[in-house]
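Data block below; observations after.
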Amino acid sequence: MAEQTESEKERVLIFDTTLRDGEQSPGATMSLSEKIEIAMLLDEMGVDIVEAGFPIASEGDFRAVAEISKLLENATVCGLARSSLADIDRAAEALKSARSRRIHTFISTSPLHMEFKLQMKPEEVIEAIHRSVQRARKYTDDVQWSPEDGTRTEHDFLCRAVETAIKAGARTINIPDTVGYTAPEESASIIRMLKERVPGIDRVVISTHCHNDLGMAVANSLAAVSAGARQIECTINGLGERAGNAALEEVVMAMRVRGDILPFRTFVNTKKILQASRLVSSATGFPVQYNKAIVGKNAFAHEAGIHQDGMLKHSSTYEIMRPEDVGIAESNLVLGKHSGRAALRAKLEQLGYNIGDNRLKVIFARFKDLADRKKEVFFEDLIALMQTTPRDADDAHLRIKSLCVACGSESPRRADIVLEVGGDELEATAQGDGPVDAAFNAINALFPHEAKLKLYQVQAVTEGTDAQATVSVRLEENGRMVVGQSSDTDTVYASAKAYVSALNNLVQRRTKSAPAAASASAG
């Protein structure tokens, strides 16, 4: 049989839920500006549907969906809603400015969820499905419905629920593997069963939403597509509750590389995948593991001699895709202290960053400072600068003016700091178990708070003793989780800046309305 051309392959829609399900990862809360930046990149890279949030969950979620709705030019903007009419009305209000809008409503259908979570009878659930989908159709023709815990739902009842949603007007039926329980063949068989048994299923798009609790989210998603699903719900870096979701970069590249057995296509510009991965990692403070498929640091690295020999002879001996296809630049992007602003901009553009003159001015100043302290500035250093330079640094409530630490085996570990707090310069000296602990204690003395340190993480950006360290700090206060990041060749100074960055984010969070009590998940 002749190989299909790209245009002949069947289209699979990519539904990205990084900003909704991804943000439900403990500690992965993102600011409005970060959500907007991620949504704009997803729109630019060709994602079909962006689930921007759960509007009734909080004022912050509502505002994020509303603002993103105003900005996206290509992708459909989606808001999540439970089956309650208030949820649906709130989602519709948030989406009213979208060029293309979708309401995604859901209710649990498994015996376990209906009895213990909903405390509803099956007939009550059927009524709620019909009522909620019809309500959503008042606002848009593009309604998606999901049976939460769908893969653990009895097949007869699942068919009945799906048929009810279709009759009420749903155009997309999403089957979530909410707890990551299914396996590839079972995932495929559920889709085949629905296609065979549900009247009208041929008029809707079948979607799949798989969690990764058993490490099979991507395999289950692709199995569902092979059985007839034509939409995959996924996230950048596989972000999501518990063990996460199917990773966008993995499902997209699997269909691209293995088009012989997965004859499907997406409209995702894969050359922006690495940029999206780094942006989400930076916004959430969740590092990408080195051996992560597609976007991990080692995904295209070869150390074994036999592999290196093969690569030198022909790259396809050990690489099934080209690094440039996912946006990985060559690692020989080296700049120095004599490089100018134009060269820096050109290198940043090669890495996928298009920035204005004002932001370039800030980045260039930090680059020159770094170049004075490092022999060579590599592309990893530039990425770290981009990820750890806040856009609103001029509005920061806290700012480090100077820091001096003393440490060693004999002397007490001490930190002397001058901190600008709300425009006033304050000084403090504090001791600690080490220089980082002492620096944090000195900051706390000048800016007391009740936040608890949930994560302190250091990563070397490049190799060598002059390498930059990227530090991530996560704080939690009264249920609010914030992340701060910074990079510097001085690890202690980078740590203090990351801590201050997190505190600045905490100050911003305090000014926002408290989240509403509503909290649920479709996936």
Side-chain angles (χ1 to χ4, degrees), residues 13-24 28-32 34-40 42-43 47-107 128-129 131-148 165 168-174 176 178 205 207 209 231 233-236 239-241 245 512-513 515-523:
L13 301 173
I14 297 298
F15 179 114
D16 184 276
T17 184
T18 303
L19 301 178
R20 199 277 301 169
D21 199 322
E23 200 198 20
Q24 289 177 196
T29 301
M30 296 169 246
S31 68
L32 176 60
E34 289 167 338
K35 288 183 178 182
I36 289 173
E37 187 173 8
I38 291 168
M40 295 288 282
L42 293 173
D43 189 40
V47 165
D48 298 286
I49 304 100
V50 173
E51 191 167 51
F54 190 2
I56 206 168
S58 70
E59 287 300 320
D61 256 35
F62 179 88
R63 187 181 175 199
V65 176
E67 292 301 317
I68 289 169
S69 293
K70 298 173 185 175
L71 296 171
L72 298 201
E73 297 179 356
N74 305 302
T76 295
V77 183
C78 180
L80 183 68
R82 292 165 301 185
S83 61
S84 76
L85 303 187
D87 276 44
I88 294 165
D89 293 346
R90 188 67 168 159
E93 176 68 17
L95 291 164
K96 65 181 182 181
S97 298
R99 179 197 59 82
S100 175
R101 67 183 66 86
R102 173 180 293 188
I103 294 176
H104 178 194
T105 183
F106 71 96
I107 191 170
I129 294 168
R131 182 175 60 248
S132 60
V133 172
Q134 279 204 327
R135 182 67 160 227
R137 278 299 300 263
K138 286 180 58 180
Y139 298 109
T140 177
D141 291 340
D142 192 350
V143 176
Q144 174 172 314
W145 178 77
S146 293
E148 186 176 11
R171 288 191 172 180
T172 300
I173 298 295
N174 176 55
T178 302
V205 174
S207 174
H209 176 119
Q231 176 180 288
E233 294 200 6
C234 48
T235 61
I236 300 295
L239 196 67
E241 293 182 280
N245 290 272
K512 296 180 180 179
S513 301
S519 177
S521 162

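When a residue number appears, it is its place in the shown sequence, counting from 1.
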- Query: So, Glu93 and Arg90, do they make that salt bridge, N to O below 4.0 Å?
  - Reply: no
- Taking all heavy atoms of Ala64 and all of Lys35, pick out the closest pair and write down the distance. CB-CD, 3.7 Å
- Message: Please give me the minimum heavy-atom distance between His104 and Ser146, naming the atom from each residue.
- Response: NE2-OG, 2.6 Å
- Message: Using only atom types and a distance under 3.5 Å, with no angle test, would you say the side chain of Asp61 pairs donor to acceptor with the backbone of Gly53?
- Response: no
- Query: Are Ile14 and Asp48 side-chain neighbours, meaning at least one heavy-atom pair lies under 4.5 Å?
  - Reply: yes
- Note: Ile103 and Tyr139 closest approach over all heavy atoms is CD1-CB, 4.0 Å
- Message: Looking at every non-hydrogen atom in both residues, tell me the closest pair between Ala81 and Ala91 and how far apart they are.
- Response: CB-CB, 4.3 Å
- Query: Have Glu233 and Gln144 got a donor and an acceptor in their side chains that come within less than 3.5 Å?
  - Reply: yes
- Reported CD1-to-CD1 distance for the pair Ile236 and Ile38, which is rounded to 0.5 angstrom: 8.5 Å
- Note on the structure: Residues at least two apart in sequence or cross-chain that pass side-chain contact (heavy atoms from CB on, under 4.5 Å) with Ser132, listed by chain then number, are Ser83, Ile88, Thr105
- Query: When rounded to the nearest 0.5 angstrom, what is the spacing between NE2 in His209 and OG1 in Thr235?
  - Reply: 8.5 Å
- Item | Over all atoms of both residues, closest heavy-atom pair of Val143 and Gly169 | CB-O, 4.4 Å
- Task: Mind checking side-chain contact (heavy atoms from CB on, under 4.5 Å) for Lys138 and listing every partner two or more places apart, or none if nothing turns up?
- Result: Arg135
- Item | side-chain hydrogen bond (donor to acceptor under 3.5 Å, both in side chains) between Gln231 and Ser207, intermediate numbers included | CA-CA 4 Å; Gln231 176 180 288; Ser207 174; 3.0 Å; yes
- Any side-chain heavy-atom pair of Thr172 and Leu13 under 4.5 Å: no
- Task: With rounding to the nearest 0.5 Å, note down the distance linking CD in Glu37 to CG in Leu42.
- Result: 11.0 Å
- Message: Nearest 0.5 angstrom please: Ile36 CD1 to Glu67 CD, how far?
- Response: 5.5 Å
- Carboxylate-amine/guanidinium proximity below 4.0 Å for Glu241 and Arg20: no
- Non-hydrogen atoms of Gly79 and Leu95 that approach each other most closely: N-CD1, 3.8 Å
- Message: Which residues pass the side chain to side chain donor-acceptor pair (under 3.5 Å) test with Thr76, not counting sequence neighbours?
- Response: Ser100
- Task: For the pair Arg82 (side chain) and Ile107 (backbone), establish whether a donor and an acceptor sit closer than 3.5 Å, ignoring hydrogens and angles.
- Result: no
- Message: So, using side chain to side chain donor-acceptor pair (under 3.5 Å) as the criterion, who are the partners of Ser84 when residues are at least two apart?
- Response: Asp87
- Item | Partners meeting side-chain contact (heavy atoms from CB on, under 4.5 Å) with Ala170 (sequence neighbours left out) | Val133, Trp145, Ala165, Ile173
- Task: Under the side-chain hydrogen bond (donor to acceptor under 3.5 Å, both in side chains) rule, what do Thr18 and Asp16 come out as? Steps first, then yes or no, please.
- Result: CA-CA 6 Å; Thr18 303; Asp16 184 276; 2.9 Å; yes
- Query: Roughly how far, to the nearest 0.5 Å, is CG of Leu72 from CZ of Arg99?
  - Reply: 8.5 Å
- Task: Give a yes or no on whether the backbone of Gly240 and the side-chain of Asp21 come within a donor-acceptor separation of less than 3.5 Å.
- Result: no
- Query: So, does Arg102 use its side chain to make a donor-acceptor pair with the main chain of Asp142 at under 3.5 Å?
  - Reply: no
- Task: Starting at CG of Leu85, measure out to CZ of Arg131 and round the result to the nearest 0.5 Å.
- Result: 6.0 Å
- Could you tell me which residues satisfy side-chain contact (heavy atoms from CB on, under 4.5 Å) with Glu34, sequence neighbours excluded, listed by chain and number? Met30, Ser31, Ala283
